[in-house]
2 protein chains.
Amino acid sequence: MRITQQHEDTSAEPPRRSRAGREATRAAILAAARQAWTEHGFDEVGLREIASRAGVTAALVNRYFGTKEALFREAIGTEDPSPAGLADIDPGQFGRVLAAVTLSGEHHATVQARTEHDAHLMLLRSAPSPAAQPVLRDYVENTVMPPLAHYFGGDDQARKRAAAVLALSLGASILGHILRTEPLAQAESEAAGSEADPDLVTVFAAMLQSAADTPLGESR
Amino acid sequence: MRITQQHEDTSAEPPRRSRAGREATRAAILAAARQAWTEHGFDEVGLREIASRAGVTAALVNRYFGTKEALFREAIGTEDPSPAGLADIDPGQFGRVLAAVTLSGEHHATVQARTEHDAHLMLLRSAPSPAAQPVLRDYVENTVMPPLAHYFGGDDQARKRAAAVLALSLGASILGHILRTEPLAQAESEAAGSEADPDLVTVFAAMLQSAADTPLGESR
DNA sequence: GAACCGTGTATACAGGTGTTTACTTACCTC
DNA sequence: GAGGTAAGTAAACACCTGTATACACGGTTC
């Protein structure tokens, strides 16, 4: 982290700085893109904004990534190589654990956490853009669904449970973080570090547990 | 319905047609806007596109509505004056009924149905746009939440249940209709008129019923 | 028949978009 | 120190956006 340098950084370390070096600026651009697109979505923030955040020119962004869409693909595809970690959750506690994570948006040691949460916002804010859509579909199908589906057993029924869980999580993010609609708009409570509303956690926990436990019929 | 007339309509009825008249063209523009924004979102479709669909010039759109944002406000605010109708649902069947509606996107006699479904798509596709956001927040808080909260009893706990139900519904729409992610991408099955996957209906029904039935603590 | 008003159009404006080209500048190596 | 090479920039491209202004047409009413 901490790569979001401003364009004037000629202070610390060896003299090789105003030319930051290939990998460093590439990473800076990528980080700036992720941050900007998490806050505002694919259509809303242009290359000049991202470049400016990275302390760079728009032309350079395209020299490194070729295209706005390609930059987006890299920005969302690299969020977390191995997002697992939910394998440890006690099946009986699945609902409460995921409800807490979903509603607080806070870092939770047991599960994907912060990075994942940001990725969800980036996804939701960029979902309407035609250029971003195929990228996001790939991301959902190849990166976020598989671990969830694996947790539920890996078969077709598991994928349905996973889709339902993900749907609730995404919907909550839309209402709470994007539209900032009550009673889900807990953005400030997140900043204040307080816990989420207990009743909300109870409802969400019950729903998520249902998704995990409800018996299903035909296997194919 | 059936207002989406093309720009050449000089055929039926009295000679007063090429000048369609104030209310008629206003309605045509509104209908075109709703249709276009349901398909593609606020940022994606411009005034010229909407005007063209209504058989009209972009300037005229602004003459009638003043501003793109104002047009959007009218387009989403007028979806259905009294969207109730879910008061009749047997509390024990709430989950299954709403699951069927949510997953099929089809017209269901008992509940808001098609129009509501379109409004959800319009909402989700336009949610990232800063201009549309306050409009959408108002729409959710004043139009879609109240009937649901009322169904659950109208108190604070009811609003939490309603928010959870709405979150699941919106999340399912995102995965199924916007990102077209399996196993929720049932857009084609909707066109074919077939029923939704029974397992999916079962999972969603269980989750929705949990949202309705789970006992909650403290009343304030 | 002529003036008039409302409905609709054509055109231009100012600004922003992603992308490309040609150029400068700093570093590294001989 | 000179030359080469890679990092970075400036400027321009063609296009599209929402909005405002000035103009033309059609119908109605004196």
## Note on the structure
With sugar-phosphate taken as primed atoms, P, OP1 and OP2 and all else as base, the protein-contact string of nucleotides 15-23 of chain C at under 4.0 Å (heavy atoms; B, S, -) is ---BBB---
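Regarding contacts with the backbone of dG8(C), a side-chain N or O of Thr25(B) is found under 4.0 angstrom from either OP1 or OP2. In this model, the phosphate group of dT7(C) is not approached by any side-chain N or O of Tyr64(B) to a distance below 4.0 Å at OP1 or OP2.
If you take CD1 of Ile29(A) and C1' of dT9(D), they are 13 Å apart, rounded to a whole angstrom. Atom pair Leu60(B):CG and dA24(D):C1' shows a separation of 14 Å (rounding to whole Å applied).
Using cut-offs of 30° and 60° on the angle between ring planes, the pair Tyr151(B) and Phe94(B) is parallel.
Partners of Ala70(B) under the side chain to side chain contact (heavy atoms under 4.5 Å, CB included) rule, at least two apart in sequence or in another chain, are Thr67(B).
With contacts defined as side-chain heavy-atom distances shorter than 4.5 Å, the pair Arg137(A)/Pro134(A) qualifies. Thr25(B) has its side chain within reach of Tyr64(B): a pair of non-hydrogen atoms, C-beta onward, lies under 4.5 Å apart. The shortest distance between side-chain heavy atoms of Leu184(B) and Leu103(B) falls below 4.5 Å.
Judged by a 6.0 Å distance limit and a 45° cone about the ring axis, Lys160(B) is not positioned over the six-membered ring of Phe204(A).
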